[in-house]
Amino acid sequence: ITDISTDHVFGTLFAAPGTILTIKGQNFGTNKDVISVKIGELDANVTSVSDTEIKVTIPEGFTSGSAITVAKDGITTTSDKTLNKLEPGTDVSAYALKNYKQPFVADEAFCNEAGVEQPTAANNYGNGTWYIPASWTLNEAAKYITTNGVKGGGLYNNMLCLETGWGKPNVISNGKMYQTTVLAKGKYKLIVTATEYRPKQGTLYLIAVSGSDIPNVDDVTTSSVVLMYNKLTGDNGGGTFEIPLEFSVTTSGEVSLGFVLSFGSTQNFKVTSLKLEYIGETN
């Protein structure tokens with residue numbers, strides 16, 4: 001065995017019952033009737049064999065840390081990699097999110113078009129430039145600062161940020177900033193760590209949505225694609241705090257996570273990180 005991988009949405013070493021495990025190697029032959037595969041102590045159903053590849057279906061009841069063993073003609077070989085089950089409490093941020101914590105990365109196309117460097121500690125994270133954050137989708141309402149003729153917004157001073165006033169436009173109507181990912185079926189908890197928010201009399205939603213787009217502010221509470229939302233109000237006055245959002249995905253597929261807001265003057269929010277945790281199976 002030279003390598004193993006699965007078709008699980010969270011990466012090649014995660015697995016769930018029914019997902020496909022691909023075993024790479026050599027000298028497997030082509031007769032699947034003389035090949036047997038164990039995942040831990042469980043027999044796996046071999047679906048295809050070539051001299052360099054075996055495909056099997058992950059059986060019910062497998063556990064994290066399961067070793068993969070292939071037997072043929074009385075000879076066994078075991079992979080040096082093991083499979084992981086998606087357990088409650090697993091932090092899946094690195095598998096499901098992109099550009100989700102400091103130091104944030106700016107969109108390369110924006111940097112090239114605007115003629116600015118990537119924000120780094122060496123240049124004081126852009127020295128006042130408003131960037132577009134890489135891997136995040138912003139609508140036109142969220143792009144309200146022009147740098148060398150190019151509209152940007154959403155990333156400022158190493159924080160995900162949208163705001164009005166303080167030299168910015170006095171109104172944002174249905175500003176959207178989100179990213180789309182693929183999640184396995186299950187229950188999740190998104191935790192946003194922020195340093196400041198001042199929605200005051202405006203409207204700010206943290207939102208999870210099925211699909212690749214998010215609704216306008218007025219449609220959040222009634223839209224059929226919204227999995228869950230958290231409406232933020234008031235003025236926290238600064239200081240680090242966490243914003244939680246628990247939601248369920250009933251069928252593996254695309255999910256969009258982020259923010260939609262309508263602000264009047266001198267309103268904002270500033271985010272330093274996001275964390276996505278798998279918390280269990282759906283009912």
Side-chain angles (χ1 to χ4, degrees), residues 97-181 192-207 209 211-220 229 231-233 235-238 243 256-274:
L97 302 178
K98 296 180 179 179
N99 200 25
Y100 60 93
K101 62 181 179 179
Q102 296 175 323
F104 289 106
V105 178
D107 180 75
E108 194 65 38
F110 169 84
C111 292
N112 291 338
E113 189 176 358
V116 295
E117 296 180 348
Q118 278 282 347
T120 64
N123 63 18
N124 196 26
Y125 297 106
N127 195 28
T129 299
W130 281 79
Y131 297 85
I132 294 176
S135 303
W136 288 81
T137 298
L138 277 72
N139 67 350
E140 289 304 306
K143 300 176 184 177
Y144 48 77
I145 300 296
T146 300
T147 300
N148 297 330
V150 183
K151 294 176 69 176
L155 175 56
Y156 177 75
N157 196 26
N158 202 25
M159 291 181 287
L160 300 178
C161 180
L162 292 176
E163 67 181 27
T164 55
W166 301 290
K168 317 300 182 304
N170 285 326
V171 175
I172 298 176
S173 180
N174 291 310
K176 302 177 184 181
M177 180 166 63
Y178 62 95
Q179 62 175 266
T180 302
T181 185
V192 175
T193 301
T195 61
E196 187 175 311
Y197 75 88
R198 291 188 174 94
K200 298 181 181 178
Q201 301 305 311
T203 303
L204 170 60
Y205 287 108
L206 171 62
I207 191 170
V209 174
S212 58
D213 196 6
I214 61 177
N216 290 335
V217 164
D218 289 344
D219 299 323
V220 167
Y229 62 85
K231 184 178 182 180
L232 305 179
T233 59
D235 183 342
N236 83 314
I243 308 165
S256 294
L257 305 170
F259 310 90
V260 59
L261 59 96
S262 288
F263 279 173
S265 184
T266 60
Q267 300 178 30
N268 67 7
F269 75 95
K270 299 177 180 179
V271 170
T272 57
S273 68
L274 297 92

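Here the structure is a predicted model, which means the values were calculated and not measured.
Two residues are said to be in side-chain contact when any heavy atoms from C-beta on lie closer than 4.5 Å; Leu261 and Pro199 fail this criterion. Side-chain atoms of Glu163 and Tyr144, non-hydrogen and from C-beta on, do get closer than 4.5 Å to each other. At a threshold of 4.5 Å between non-hydrogen side-chain atoms, the residues Thr272 and Lys101 do not count as touching. Within the 4.5 Å cutoff, the side chain of Val209 has heavy atoms near those of the Pro215 side chain. Side chains of Ile207 and Val220 form a contact here, defined as non-hydrogen atoms less than 4.5 Å apart. Using a 4.5 Å cut-off on side-chain heavy atoms (C-beta onward), Leu160 and Phe104 make contact. For the pair Ser262/Leu204, no side-chain contact is recorded, criterion being any heavy-atom separation below 4.5 Å from C-beta on.
To the nearest 0.5 Å, atom CG of residue Leu206 and atom CG of residue Leu274 are 8.0 Å apart. Remark: Leu162 CG to Leu155 CG distance equals 10.5 Å, nearest 0.5 Å. For the atom pair CG (Asn216) and OG1 (Thr203), the distance works out to 12.0 Å, reported to the nearest 0.5 Å. Here the NZ atom belonging to Lys143 is positioned 4.5 Å from the CD1 atom belonging to Ile132, to the nearest 0.5 angstrom. The SG atom of Cys161 lies 7.5 Å from the CE atom of Met177; values are rounded to the nearest 0.5 Å. Going from atom OG of Ser212 over to atom CD of Gln179 covers 13.5 Å, rounded to the nearest 0.5 Å.
Judged by distance alone, the side chain of Lys200 and the main-chain N or O of Thr266 form a donor-acceptor pair under 3.5 Å. Between the side chain of Asn112 and the backbone N or O of Gly115, no donor-acceptor pair lies under 3.5 Å. No side-chain donor-acceptor contact under 3.5 Å links Asn158 to the backbone of Gln102. Side chain of Asn174 to backbone of Ala141: no donor-acceptor contact under 3.5 angstrom is found. Of the possible donor and acceptor atoms, one in the side chain of Asn123 sits under 3.5 Å from a partner among the backbone N and O of Thr120. No side-chain donor-acceptor contact under 3.5 Å links Thr164 to the backbone of Ile172.
Across all non-hydrogen atoms, the minimal contact from Thr147 to Thr129 is OG1-CG2, 4.1 Å. Minimum heavy-atom separation, Arg198 to Trp166: CD-CH2, 4.5 Å. Of all heavy-atom pairs spanning Ser265 and Gly165, the tightest one is OG-CA, 4.3 Å.
Side-chain atoms of Ser256 and Thr180 form a donor-acceptor pair, as typed in the model, at a separation below 3.5 Å. Using a 3.5 Å distance cut-off with no hydrogens or angles, the side chains of Lys270 and Asn157 do not pair a donor with an acceptor. Looking at Ser135 and Asn99, their side chains never bring a donor and an acceptor atom within 3.5 Å of each other.
Counting heavy atoms of neighbouring residues, nucleotides and ligands inside a 6.0 Å radius, atom CD of Glu117 does not exceed 12 of them. For CD of Gln118, the number of neighbouring non-hydrogen atoms (other residues, nucleotides, ligands) closer than 6.0 Å is greater than 12.
A perpendicular orientation is assigned to the rings of Tyr205 and Tyr229, their planes being inclined by more than 60° (bins at 30° and 60°). Aromatic ring orientation, Trp130 versus Tyr156: parallel (interplanar angle below 30°, classes split at 30° and 60°).
Checking each of Tyr197, Phe259, Phe269 against Val192 for a side chain to side chain contact (heavy atoms under 4.5 Å, CB included) leaves exactly one that passes, namely Phe259. Exactly one of Val260, Leu138, Val217 qualifies for a side chain to side chain contact (heavy atoms under 4.5 Å, CB included) with Lys176. That residue is Val260.
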Asp107/Tyr131 under side chain to side chain contact (heavy atoms under 4.5 Å, CB included): CA gap, chis, key distance, verdict: CA-CA 7 Å; Asp107 180 75; Tyr131 297 85; over 6 Å; no
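Electrostatic pairing of Glu140 and Lys151 counts as a salt bridge here, judged by a charged N lying under 4.0 Å from a carboxylate O.
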